[in-house]
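What follows is one structure encoded as structure tokens, with my remarks underneath.
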There are 2 protein chains.
Amino acid sequence: MKQEINENVLFDAAELFKCFADSTRIRILHSLISKERSVNEIADLLNMNQSAISHQLRILKDAKLIKKRRDGKTIYYSLDDDHVYNIIAQGIEHVEE
Amino acid sequence: MKQEINENVLFDAAELFKCFADSTRIRILHSLISKERSVNEIADLLNMNQSAISHQLRILKDAKLIKKRRDGKTIYYSLDDDHVYNIIAQGIEHVEE
DNA sequence: TGAATATATGAACATTTGTTCATATGTATT
DNA sequence: AATACATATGAACAAATGTTCATATATTCA
């Protein structure tokens, strides 16, 4: 690995890890592992207000970790990256030791 | 995975990911993949002052991601966790897509 | 013991970050 | 068109974070 990595890649990776580095966002990601969910559904699940969730969803969307799909008035979010599960799993493995 | 996870574990995982969510820290971790390094060596490598590096090393140490070893006046840091390499590798895979 | 070298630490400061509030946008229904 | 519902967004604020500076601690060597 080492040789191919330049500063920019590590910088970008740090940006990516910021998505996982917040309780709200990692809980959102975790809640999407099993299935897609609407914004209000997530807000209820995490017991937080809708605006806070929307703000965080945008961050996750910008990082290309989740995608959205509209169905009438409702917008459903789901995971958009295979690494999400693995990254969370590795993190949990570490903290559970 | 889903079922076994409670809020605390996700909270702890978020704390862990904070270590990877900063340019300086992820560069330190990356620099330690190949070999152990002294504080000054890391500071030189990253072109940052020694104090800044020491502060970040403490955070990584507290998270149990690195360990230290003294040899005379010099303290050598090295990785202390198998997940570090994998977590960084997954992150890089995502950003390189 | 005193000087030199390596690392650690506390305080201060500027910057970044997450949430809330108010409100805007978009869609469906009557 | 008017209303209701779902989501998005900008501004404001408090809290958390990363770096710098000054200085403390620890070790070696003369």
Side-chain angles (χ1 to χ4, degrees), chain A residues 7 10-32 35-80, chain B residues 7 10-32 35-80:
Chain A
E7 294 299 293
L10 287 177
F11 183 87
D12 292 345
E15 286 300 305
L16 170 70
F17 286 121
K18 284 183 185 173
C19 292
F20 297 85
D22 171 76
S23 258
T24 301
R25 286 192 295 268
I26 200 171
R27 287 198 298 158
I28 291 174
L29 291 172
H30 178 258
S31 79
L32 296 179
K35 58 171 177 165
E36 67 175 11
R37 293 181 197 270
S38 71
V39 180
N40 277 330
E41 205 179 334
I42 298 170
D44 287 351
L45 197 66
L46 306 200
N47 198 28
M48 292 184 62
N49 80 53
Q50 174 268 316
S51 178
I53 299 299
S54 270
H55 280 297
Q56 298 304 340
L57 286 170
R58 193 159 72 84
I59 292 173
L60 296 174
K61 182 77 164 41
D62 288 349
K64 300 201 165 85
L65 293 176
I66 61 176
K67 58 176 187 279
K68 53 158 113 179
R69 161 179 94 77
R70 179 182 279 280
D71 180 12
K73 282 175 291 192
T74 306
I75 293 185
Y76 291 96
Y77 282 91
S78 57
L79 295 187
D80 190 28
Chain B
E7 294 299 292
L10 287 176
F11 183 88
D12 292 345
E15 286 301 304
L16 171 70
F17 285 121
K18 284 182 186 173
C19 292
F20 297 85
D22 172 77
S23 258
T24 302
R25 286 191 297 267
I26 200 171
R27 287 197 297 157
I28 292 174
L29 290 171
H30 178 257
S31 78
L32 296 179
K35 58 171 176 161
E36 66 174 12
R37 293 180 196 272
S38 71
V39 179
N40 277 331
E41 204 177 335
I42 298 170
D44 287 350
L45 197 65
L46 306 200
N47 199 30
M48 292 183 62
N49 81 51
Q50 174 268 318
S51 178
I53 299 299
S54 269
H55 280 297
Q56 299 304 340
L57 286 170
R58 193 159 69 87
I59 291 173
L60 296 174
K61 183 77 165 40
D62 288 348
K64 300 199 167 85
L65 293 176
I66 60 175
K67 59 178 187 279
K68 54 158 115 177
R69 162 178 94 77
R70 181 183 277 279
D71 180 13
K73 281 175 292 191
T74 305
I75 293 186
Y76 291 96
Y77 282 91
S78 57
L79 295 187
D80 190 28

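In what follows, every chain begins at residue 1, and chains take the letters A, B, ... in the order their sequences are listed.
- Partners of A/F20 according to the ring pair (Phe, Tyr, Trp, His ring centres under 6.0 Å) rule, which considers only residues two or more places apart in sequence or in another chain, are B/F17.
- Checking the phosphate oxygens (OP1, OP2) of C/dT7, a side-chain nitrogen or oxygen of B/N40 falls inside 4.0 Å.
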Using a cutoff of under 3.5 Å, can you pull out all pairs of nitrogen or oxygen atoms linking the protein to nucleotides 25-30 of chain D, with atom names and distances?
none

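- Taking atom CG of residue B/L57 and atom P of nucleotide D/dT19, one finds them 12 Å apart after rounding to whole Å.
- Across all strands, A/K68 comes closer than 4.0 Å only to sugar-phosphate atoms, never to a base (heavy-atom distances).
- The nearest whole Å value for the distance from the CZ atom in B/R27 to the P atom in D/dG18 is 14 Å.
- At the heavy-atom level, A/Y77 lies under 4.0 Å from the strands shown only through sugar-phosphate atoms.
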Restricting both atoms to N or O, compile the protein contacts to nucleotides 18-23 of chain C shorter than 3.5 Å, with distance only.
unit_1 : atom_1 : unit_2 : atom_2 : d
C/dG18 : OP1    : A/R25  : NH1    : 3.1
C/dG18 : OP1    : A/R25  : NH2    : 2.7
C/dG18 : OP2    : A/R25  : NH1    : 3.1
C/dT19 : OP1    : A/T24  : OG1    : 2.7
C/dT19 : OP2    : A/Q56  : NE2    : 2.8
C/dT20 : OP2    : A/N49  : ND2    : 2.7
C/dT20 : O4     : A/H55  : NE2    : 3.2
C/dC21 : N4     : A/S51  : OG     : 2.5

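- Other residues, nucleotides and ligands contribute only 12 or fewer heavy atoms inside 6.0 Å of the NZ atom of A/K64.
- Shown are B/L60, B/L65, B/I66; of these, the side-chain contact (heavy atoms from CB on, under 4.5 Å) with B/L32 is made only by B/I66.
- To the nearest angstrom, P of D/dA24 lies 18 Å from CZ of B/R58.
- Between A/I66 atom CD1 and D/dT7 atom P there is a gap of 13 Å when expressed in whole angstrom units.
- Using a 4.0 Å heavy-atom criterion, one finds that A/S54 contacts the bases of the nucleic acid, with or without backbone contacts as well.
- Distance, A/K61 NZ to D/dT9 P: 10 Å, rounded to whole Å.
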